[in-house]
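Side chains are part of it too, since the values below use all heavy atoms of this structure and drop only hydrogens, waters and symmetry mates. Counting starts at 1 for both ligands and their atoms, in listed order.
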Amino acid sequence: MALLKCDICGGSLTMEMDGEAATCDVCGMKHTKERLLIKLDETGAVKNDKKTDSLF
Ligand SMILES: [Zn+2]
């Protein structure tokens, strides 16, 4: 699983139980799965759909 980081404070994110979102341990910001995937795509961390699926 890729390391998920908050793009606001840089804190580590903890996935919600339903896997649809992640909450920052530091600032409490909630990041939706959709938002995280867009962010990963922008950074080039995700090369294809199979890798995207494996993250969650
Ligand atoms: Zn944060």
Nearer than 2.8 Å to the Zn ion (ligand 1), the protein contributes N, O or S atoms numbering 4
Query raised in the report: Do E34 and E20 touch side chain to side chain, with heavy atoms closer than 4.5 Å?
Result: no
- request: Report yes if the side chains of H31 and D7 come closer than 4.5 Å at any heavy-atom pair, otherwise no.
  value: yes
d(T32 OG1, I38 CD1) to nearest 0.5 Å is 7.0 Å
task: Taking the side chain as every heavy atom from C-beta outward, state whether C6 and C27 have any pair of such atoms under 4.5 Å apart.
output: yes
dist I8:CD1 -> C24:SG (nearest 0.5 Å) comes out at 7.5 Å
Fill in: Side chains of M15 and T23 in contact at under 4.5 Å (non-hydrogen atoms)
no
